[in-house]
Amino acid sequence: MEKKSLAGGRFLLVTILNVVITVFELLGGLLSGSLSLLSDAFHNLGDALSVILSYVAHRIGARRQTRKNTFGYRRVEILTALLNAGVLILISAGLAFEAVRRLLHPEPVKGDIMLVVAVVSFVANLLSTILLNRGSKHNLNIRATYLHLLSDALASIGVIIGAVLITFWHISWVDPLITILVAVYIVFESWPIVKQTFGILMEGAPQLDYDAIAQDICALPKIKGVHHLHAWQIDENNLVFSVHVNMDDLPLSQVEPVYRQIEALLCHKYNVNHVTIQAECHRGKDEALFFKQNDWRHD
């Protein structure tokens, strides 16, 4: 039920909020001359596009597998998360560059207009963040969008502080300084998503103790050795695992129960949810687990 709600009504409401915030901040930034407001407006525009992309990816990712996509469409959400996080980093770099220019060449800012717009934007951004908070815990795509919105809420706090300083103490350089701080924070939060999504798309192996897995499999009855192990991720929640095992020359009726034991072991102890096992008598028994690591075998 949460997934349906998140994929529909909440995404729509968050999109509408971000479009309204963007228009409001663009007008406020132009009227006040505030770079931090204008940067937040462009950031919110990126958020609106991010939410739309996330919604589309969420719907596509929920489709069932087909003959052409036997693992389904879950990778669409990973691609979207990478795109969202990458765009955030690029936007932050552009904002930081402009902020440095403003520090060197200060421009007047109307703090009162800036303050009103920043407070309204903070409330709207906070609401959007709350709406996506729960879904962000188990989905990289939604987490990337959630970070967009969270960074906007934090940026709005910075803009509010800056507006107060400008209005009452006329400290105009605080506006580009806040922009730089927000840009650094956005990059800091986005980079782990870029690394994780890129690793998944490059078929990187999940963080598992493979030596322990090999030992556990070899500890099962009738297993003589393990080799040709491969593991990768379809998305952050679905691990795929294949392995060759050496066994005595047994009929299938005796091999299948061993398969079920291996599947249960991998599922319950290592959270692997898709397992492919190939049984062999002598083939590959002298080959490594993978790369140049030693095989695990019974004496």
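- For the residue pair Val159 and Ile178, the shortest heavy atom distance occurs at N-CG2, 4.0 Å.
- Closest approach of Ala153 to Phe122, counting heavy atoms only: O-CD1, 3.4 Å.
- Within the 4.5 Å cutoff, the side chain of Val174 has no heavy atoms near those of the Trp169 side chain.
- Comment: Arg75 engages Glu203 in a salt bridge, judged by a side-chain N to carboxylate O separation of less than 4.0 angstrom.
- In this structure, His227 and Ala288 approach most closely via the heavy-atom pair CB-O, 3.5 Å.
- Criterion: ILVMFWY side-chain heavy atoms under 4.5 Å apart, direct or through other members. Under it, Phe188 and Ile89 are not part of a common hydrophobic cluster.
- Under the 4.5 Å side-chain criterion, counting only non-hydrogen atoms from C-beta, Leu79 is in contact with Leu201.
- Considering only heavy atoms from C-beta on, Leu35 comes within 4.5 Å of Glu98 through its side chain.
- Asp248 places no side-chain N or O within 3.5 Å of a backbone atom of Leu250 that could act as its donor or acceptor partner.
- Across every non-hydrogen atom of Ala41 and Thr22, the tightest pair is O-CG2, 3.6 Å.
- Side chains of Val245 and Gln278 form no contact here, defined as non-hydrogen atoms less than 4.5 Å apart.
- Using a 4.5 Å cut-off between side-chain heavy atoms of Ile, Leu, Val, Met, Phe, Trp and Tyr, with links allowed through other members, Leu95 and Ile21 fall into different hydrophobic clusters.
- In this structure, CD1 in Ile277 is found 4.0 Å from CD1 in Ile262, a value given to the nearest 0.5 Å.
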Go through the steps to decide whether Val258 and Ile223 satisfy the test side-chain contact (heavy atoms from CB on, under 4.5 Å), and finish with yes or no.
CA-CA 8 Å; Val258 179; Ile223 300 295; 3.5 Å; yes
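- Taken together through direct or relayed side-chain contacts under 4.5 Å among Ile, Leu, Val, Met, Phe, Trp and Tyr, Ile157 and Val116 form parts of separate hydrophobic clusters.
- When all heavy atoms are compared, the tightest approach of Ala279 to Val255 is CB-CG1, 4.2 Å.
- Thr70 places no side-chain N or O within donor-acceptor distance of the main-chain N or O of Arg67, the cut-off being under 3.5 Å.
- Looking at heavy atoms from C-beta onward, Pro192 lies out of side-chain contact with Lys195 at the 4.5 angstrom threshold.
- Between the Tyr210 side chain and the His230 main chain, no donor and acceptor come within less than 3.5 Å of each other.
- Taking 4.5 Å as the limit, every side-chain heavy atom of Ile166 sits out of range of all side-chain heavy atoms of Leu115.
- Cluster annotation: Val240 and Val275 are assigned to distinct hydrophobic clusters (Ile/Leu/Val/Met/Phe/Trp/Tyr, side-chain heavy-atom contacts under 4.5 Å, transitive).
- Atom CZ of Phe24 and atom CG of Leu37 lie 9.0 Å apart (nearest 0.5 Å).
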Might you work through the side-chain contact (heavy atoms from CB on, under 4.5 Å) test for Ile213 and Phe241, ending with a clear yes or no?
CA-CA 11 Å; Ile213 289 175; Phe241 189 97; 3.8 Å; yes
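- Remark: Leu181 CG to Leu177 CG distance equals 4.5 Å, nearest 0.5 Å.
- Taken from OH in Tyr259 to CG in Leu252, the straight-line distance is 7.5 Å, to the nearest 0.5 Å.
- Between the CG atom in Leu289 and the CG atom in Asp211 there is a gap of 7.0 Å [rounded to 0.5 Å].
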Full working for salt bridge (Lys or Arg N to Asp or Glu O under 4.0 Å) between Glu107 and Arg101
CA-CA 10 Å; Glu107 298 180 11; Arg101 191 191 69 81; 3.3 Å; yes
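- Note on residues 262-280: pairs passing salt bridge (charged side-chain N to carboxylate O under 4.0 Å, His left out), not counting sequence neighbours, are Asp216-Lys269, Glu280-Arg283.
- In summary, the side chains of Glu25 and Ser121 do present a donor paired with an acceptor at a separation below 3.5 Å, with no hydrogens or angles considered.
- The list of ring pair (Phe, Tyr, Trp, His ring centres under 6.0 Å) pairs with a residue in residues 70-92, not counting sequence neighbours, reads Phe71-His274.
- Side-chain N or O atoms of Asp235 include none that pairs as donor or acceptor with a backbone N or O of Arg74 at under 3.5 Å.
- Ser32 is not listed as a side-chain neighbour of Val117, based on a closest heavy-atom distance of 4.5 Å or more.
- With rounding to the nearest 0.5 angstrom, the CG atom of Leu165 is 5.0 Å from the CD1 atom of Ile171.
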Assess whether side-chain contact (heavy atoms from CB on, under 4.5 Å) is satisfied between Ser242 and Trp232, documenting all intermediate values.
CA-CA 9 Å; Ser242 69; Trp232 65 101; 4.2 Å; yes
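- In this structure, Ser128 contributes its side chain and Ala124 its backbone to a donor-acceptor pair below 3.5 Å.
- Across all non-hydrogen atoms, the minimal contact from Thr167 to Asp112 is OG1-N, 3.3 Å.
- Within the 4.5 Å cutoff, side-chain heavy atoms of Val119 are placed close to those of Ile160.
- When the side chains of ILVMFWY residues are joined at heavy-atom separations under 4.5 Å, either directly or via intervening members, Ile234 and Tyr270 end up in two distinct hydrophobic clusters.
- For Ser34, the side chain to side chain donor-acceptor pair (under 3.5 Å) partners two or more places apart in sequence, or in a different chain, are Ser36, Asp175.
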Show, in sequence, the C-alpha distance, side-chain angles and deciding distance for Val226 and Asn246, and conclude whether the side-chain contact (heavy atoms from CB on, under 4.5 Å) test is met.
CA-CA 6 Å; Val226 176; Asn246 293 108; over 6 Å; no
